[in-house]
Enquirer: 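Take a look at the following structure, please.
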Amino acid sequence: MKYNFNDIEKKWQDYWAKNETFKASNNSDKPKYYVLDMFPYPSGAGLHVGHPLGYIASDIYARYKRHKGFNVLHPQGYDSFGLPAEQYAIQTGQHPAVTTEANIATYRRQLDQIGFSFDWSREVRTSNPEYYKWTQWIFIQLFESWYNYDSNKAEHIDTLIKMFEAEGNANVNAACDDDINPFTAEEWNAFSETEKQDILLKYRLTYLAETEVNWCPVLGTVLANDEIVNGVSERGGYPVIRKKMTQWSMRISAYAERLLQGLDTIDWTDALKDIQKNWIGKSVGASVTFNVKDYDATIEVFTTRPDTIFGVSFMTLAPEHELVSQITTDEQKAEVEAYIEATAKRSERDRMADVKTISGVFTGAYAEHPFTKEPIPIWIGDYVLASYGTGAVMAVPCGDQRDFDFAKHFNIPIPNIFEGVDISEEAFASKDNVKIANSDFLDGMNYKKATKRAIFELEQIGQGEGKTNYRLRDAVFSRQRYWGEPFPVYYKDGMPQMIDEKHLPLTLPEVEKYLPTEEGEPPLGRADVWAWDTNTNTVCHSELVSESKGIYPLELNTMPGWAGSSWYFFRYMEEQANREEAFATEDALKYWENVDLYIGGSEHATGHLLYSRFWVKFLYDRGFVGVDEPFKKLINQGMILGESAYLKRVGVNLTFSGTEEIFANKIEATVGYGALKSLTKDEKEKLRKLQEKYSFIKEYFLDEDLLKHFKRDKNEDEKSKEIRDKFVDIALKNLNDELKEIGVYDKVRVSFTPLINNFNFYKTHVPIEFVNLKNELDEEALKKSNLGYENATFLTEKNEKFVVSREVEKMSKSKYNVVNPDDIVADYGADSLRLYEMFLGPLEQYKPWNTAGITGVHGFLKKLWKLYNDDNGSKVTDAEPTKDNLKTLHKTIKKVEEDIENFSFNTSVSTFMIAVNELTAQKCTSKEILEPLLVLVSPYAPHIAEELWEQLGHNESISTAPFPKFEEKHLVESSKNYPISFNGKMRFTLELPLDMSKDEIEKTVLAHEKTQEQLQGRTPKKVIVVPGKIVNIVG
RNA sequence: GCUGAAGUGGUGGAAUUGGUAGACACGUUGGACUUAAAAUCCAAUGGCCAUUAUGGCCGUGCGGGUUCAAGUCCCGCCUUCAGUACCA
């Protein structure tokens, strides 16, 4: 019998689907275990071999846990709102829902053929109304909540209103906007409804605010910070500018401290925790209030070094600081305004790129030192950011390098407040091993003591207090897109109103086009039927909007991608049948609690993984869920990289430059014929055609061996000269003739640089399917490929096959290095794919994909098959296992179990190989050995395991079989092959009984003839004997 | 700059608390089977030197150190990758 993997895999995938083998139950005597993957965005490109890596790992773990007797929840779904479907809709007019549906079908087919043990009955799709109904519901709960720092949790807004009614806001300790004025209970009760709502909005956990946002004009939308990479949009790489807009925001900053503290309670890698810690960016220090001299104003600053307060010699405000215009003196006004204008023009990116230039302007105003009462000049400078802290700093040049540089640059005094430290060259920024001097009551104290004392003294005079600052900003929650969750919000008197929960979901309206409107409104502005009728509580035609009739406009923005993904893990807990009444019932939430194991990419560290934790903490505060962290254990799988193939093409850019006239004007004319102003239109056109004609040179490709001849030095290699001459022949000579023919020979200088000085070579990716395992290019196939290689010439050193160069990089369509799992499954089977992805290396690591290597694991599966079958069918017998058989089996059980617990899947694959190699050599046919072996293999290669399991006479799925029990007794050895080393170097080995005493070992080893040979008559100084491990002889 | 991770054969990677470095694979070379190819099986495979089996020297990014013994621990560097950045 042959190992016919295609049939076997199909058979068992159908079996699992039909029997709902992996359906989880919300009611079980077994302990629960929840294994979750980060759900995919179903993109049009489908899966490549990198995508399933994490799914395979989690599937192995889920199957292992089932064998270990757990009730496992292992669901899958789709994060199906998102930009690509919308982009596609804009281009083609195809409704994103249609595209998404089609993509999901592809994904599902691809996932199914890999044999995952997902419980598909619990599938979720974030773009389904029955799902986003609850995303909208959570949004409403956030709107109806505020954060009370006294109870340190989110509370219903009613508790806040009660406080306002009883005593105003004086004693309210809340996370809120910073522009709130104090009011009394009487004042509150006298406010109009709109005034009240306006104030409450400043306290709500989701609020409308005019915020400076990252606006991407090409995409027509706002982007979150983590959607921007290197100043351009993560998707598409389009430029991003700063713009003020009214947007919904999430008050995640209220949770900064709890998000930080919570990290200590969860089992994530330190690397990932560090990323979140840095992102939250806690710094402890003090806020200090400086009075402005001769002006009724104060400047508040945040500092982490209140101990250096006597070292302050100036203050710097951000150019955008609100006080700047008020305090600037008349003499300085012009200069300050010019500076502000100049900085406003510079983009955030320019400011970031250019950190070395020191710039700033004196405002003419002075602040007063809180203790010495000395005047302190107030400057503005763009190194101070309006968005961090208070947008103002107290500058201590002796203790901060930026302040130091600023002071040096503008000749501001640099008082030294550190005992015995030289600050003539640079600031002393360390907190350690130094005492404060020249600082009145702080003299002689260290950092810790001085900080405490300074804060105490500031509090005494009412000009400061201890304070903690966080870098974490509130998250903008509005997107100007179509394909996202609509906000359940309408506007009455300009104030946002929530649609009552019982009328949810508010479903996406139809639009004609998926672009912003001509007026710049988001795509929903195009919807005809997009107004809220409060009489019927239904959506109605937008033209009917009338305040008097109770019909109001609906919100035009939609929610960002992270809205739906911030709570989906709770939705899986509930079975399809009970999803109507709640996002998940109390019973389901209580049973499954939170995710025990979460596997996904680390690129979500500051996005999804932070926002989810925030929403879960909120839901916990409000009593909707019973846990305050969503993911107990988290593992980041590394990326699988592609091995791109590329050719080096002769780089020529035929450019024409220089008449005397142009040179005289010192115009650099190297960018093609267009720069040549003295030519007539006709001549230019002729040159352009010429340029096109000669672009055929670009169709010459040289292999690596040939390229080695081209060295960047003067001593020309024979071979490179030969090739160069060839190109000069076919190009340059003729070219000059042609230029004469056109009649521009005197006006134009040909710049065919690569031919005259040195060749340049450019990388061009070629599809990896045109390259074989020896990196040889299939030239004919490439020429026929429609990729523009019809006339290509491939030059090689030895007139052999053209060999391409390789490079490991991220898999992407544009690099033609994508490997499709469908092909792998067809050629080698899903079990081979699963094993190979694990065998590649440690899960967390980045590693290159190389299809050639899969023959190793495929061969292993064939050997495994042959262990159970020969040409006549099953060869498994009831024979008593030998000692060696048992030893191999139990060694394998032990190792595999340890490996799975440690997520070291690569090493367990090699353990299987060793086991099968050993059992084959032992000619083992014993059922007692081969049966448990299948259970070990089954999480990794479930199809073959099921098939062989069935052959052994079982009629239930192997997934129900218990994991074999490891028994130490089979591994007990009576002897050990000791390595005998001399001065730490192993020279030979010696088989000795394990129960031999230390002294006896020493005696036996020393008496051995090889030992004597090594010692050559010397007496050993020392003999180290570690029983069961090693013998080392020193001397 | 700061924070974190990682550097081991031609390649992917093993090596539990310091105890035989290179497991398991890929690739390569040689051989068997075959008209041939594929498949399968066998053998060799870190480098250098020597060879009759036995052997010897070097070797885990670099330079030091601790130890009977270091890929592993300590100190100082270098390189790569990731996150973050005028964060006061």
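This is a predicted model, so every value here is computed, not measured. A, B, ... follow the sequence lines: proteins, then strands. Residue 1 opens every chain. Excluded from the calculations below are hydrogen atoms, water molecules and symmetry mates; all remaining heavy atoms, backbone and side chain alike, are included.
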Enquirer: For the side chain of A/Thr907, starting at C-beta, report the closest nucleotide among B/A14, B/U3, B/C86.
Expert: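 Of B/A14, B/U3, B/C86, B/A14 is nearest to the side chain of A/Thr907.
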Enquirer: Considering every strand shown, what is the Watson-Crick or G-U wobble mate of B/G22 when both distances are under 3.5 Å?
Expert: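 Result: none.
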Enquirer: Atom NZ of A/Lys985 to atom C1' of B/U67: distance rounded to whole Å?
Expert: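 In whole Å, B/U67 C1' lies 15 Å from A/Lys985 NZ.
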Enquirer: May I ask which nucleotide in the shown strands pairs with B/U79, Watson-Crick or G-U wobble, both distances under 3.5 Å?
Expert: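 Checking every strand shown, B/U79 finds its partner in B/A6, with both distances under 3.5 Å.
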Enquirer: What is the distance, rounded to the nearest whole Å, between atom NZ of A/Lys976 and atom C1' of B/U20?
Expert: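 To the nearest whole Å, that distance equals 8 Å.
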Enquirer: To the nearest Å, give me how far apart OH (A/Tyr388) and P (B/C87) are.
Expert: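 To the nearest whole Å, that distance equals 9 Å.
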Enquirer: From CG of A/Asn983 over to C1' of B/A70, roughly how many Å is that when rounded to an integer?
Expert: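 Taking atom C1' of B/A70 as the reference, CG of A/Asn983 is at 15 Å.
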Enquirer: Rounded to whole Å, please give me the gap between CD1 in A/Ile854 and C1' in B/C26.
Expert: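 Taking atom C1' of B/C26 as the reference, CD1 of A/Ile854 is at 12 Å.
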Enquirer: Across the strands shown, which category fits A/Asp403 at heavy-atom distances under 4.0 angstrom: base, sugar-phosphate, nothing?
Expert: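 The answer is nothing, as A/Asp403 stays clear of every strand by at least 4.0 Å.
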Enquirer: Phosphate oxygens OP1/OP2 of B/C68: is one of them under 4.0 Å from a side-chain N or O of A/Lys1021?
Expert: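 Checking A/Lys1021 against B/C68: no side-chain N or O falls below 4.0 Å of OP1 or OP2.
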Enquirer: Please tell me if A/Arg402 has a side-chain N or O lying less than 4.0 Å from either OP1 or OP2 of B/G1.
Expert: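 So the side chain of A/Arg402 is outside the cut-off, no N or O lying under 4.0 Å from OP1 or OP2 of B/G1.
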Enquirer: Under 4.0 Å: is that the gap between some side-chain N or O of A/Lys847 and OP1 or OP2 of B/G12?
Expert: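 Negative; the distance criterion is not met.
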Enquirer: Could you tell me if A/Tyr646 and A/Asn817 have a donor-acceptor pair between their side chains, going purely by distance under 3.5 Å?
Expert: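 No, no side-chain donor-acceptor pair sits under 3.5 Å.
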Enquirer: Taking syn as any angle within 90 degrees of 0 and anti as the rest, which one fits B/G9?
Expert: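 Here the answer is syn: the torsion falls within 90° of 0.
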Enquirer: Rounded to whole angstroms, how far apart are CH2 on A/Trp849 and C1' on B/C26?
Expert: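 Taking CH2 of A/Trp849 and C1' of B/C26, I get 13 Å after rounding.
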Enquirer: Looking only at the side chains, is there a donor atom on one of A/Ser283 and A/Tyr388 sitting less than 3.5 Å from an acceptor on the other?
Expert: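 Their side chains do contain a donor-acceptor pair, which is all the 3.5 Å distance test asks for.
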Enquirer: Does A/Gln845 put a side-chain nitrogen or oxygen below 4.0 Å from OP1 or OP2 of B/A6?
Expert: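 Answer no for this pair, as no side-chain N or O of A/Gln845 is under 4.0 Å from OP1 or OP2.
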Enquirer: Has A/Asn636 got a side-chain N or O lying under 4.0 Å from the OP1 or OP2 atom of B/A5?
Expert: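 A/Asn636 to B/A5 OP1/OP2: no side-chain N or O under 4.0 Å.
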Enquirer: Starting at atom NZ of A/Lys863, determine the distance to atom C1' of B/A25, rounded to an integer number of angstrom.
Expert: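 Whole-Å distance recorded here is 10 Å.
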Enquirer: Hey, does the side chain of A/Arg471 come within less than 4.0 Å of B/A85's phosphate (OP1/OP2), counting only N and O?
Expert: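 Looking at the OP1 and OP2 atoms of B/A85, one of them is under 4.0 Å from a side-chain N or O of A/Arg471.
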Enquirer: Looking only at side-chain N and O atoms, does A/Asn469 come under 4.0 Å of OP1 or OP2 in B/A88?
Expert: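 It does not, given that no N or O in the side chain of A/Asn469 lies less than 4.0 Å from OP1 or OP2 of B/A88.
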Enquirer: A/Asn1032 has an atom CG; how far is it from atom P of B/U67, in whole Å?
Expert: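 Roughly 15 Å, once rounded to whole Å.
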